[in-house]
Amino acid sequence: MVISIETIVVYTVVGAAAGWLAALLMRRRGFGLLGNLLIGIAGAFLAGWLLTLIGVRIAGGYAGLAVQAFIGAVLLVGLLNLLRR
């Protein structure tokens, strides 16, 4: 799978925002601002990889990418909160 530079930049920006929003949604303090941003970025890439792997494609250009990144960030923040307990 080849990822363009544009996709990497979008995943990074949207993932950072998604990590922050995911921490707000989970109503947890999370891992601090920087931690939440990094978790969101990792979640965006993880969701992009996993959804592609199982054949799920969210349409909508950048909006679909934002939804995908948010899903990944919420899942990753939730998983890390569970492991942290």
- Message: What's the separation between atom CG in L37 and atom OG1 in T12, rounded to the nearest 0.5 Å?
- Response: 11.5 Å
- Query: Could you state the interatomic distance from CG (L46) to CD1 (I41), rounded to the nearest 0.5 Å?
  - Reply: 13.5 Å
- Output the distance between atom CD1 (I54) and atom CH2 (W49), rounded to the nearest 0.5 Å. 10.5 Å
- Which heavy atom of A44 sits nearest a heavy atom of G15, and at what distance? CB-CA, 3.8 Å
- Item | Closest contact, heavy atoms only, I8 versus F45 | O-CZ, 4.0 Å
- Query: Are L80 and L50 connected in a single hydrophobic cluster, I mean Ile/Leu/Val/Met/Phe/Trp/Tyr linked by side-chain heavy atoms less than 4.5 Å apart?
  - Reply: yes
- Task: Applying side-chain contact (heavy atoms from CB on, under 4.5 Å), run through L75 and I71 and close with a yes or a no.
- Result: CA-CA 6 Å; L75 292 175; I71 290 169; 3.9 Å; yes
- Minimum-distance pair of heavy atoms, taken over all atoms of Q68 and G48: NE2-CA, 2.9 Å
- Closest non-hydrogen contact found for I39 with L76 is O-CD2, 3.5 Å
- Kindly give the heavy-atom pair with the smallest separation between F70 and L21, and that separation in Å. CE1-CB, 3.7 Å
- More than 12 heavy atoms of other groups within 6.0 Å of L83 CG: yes
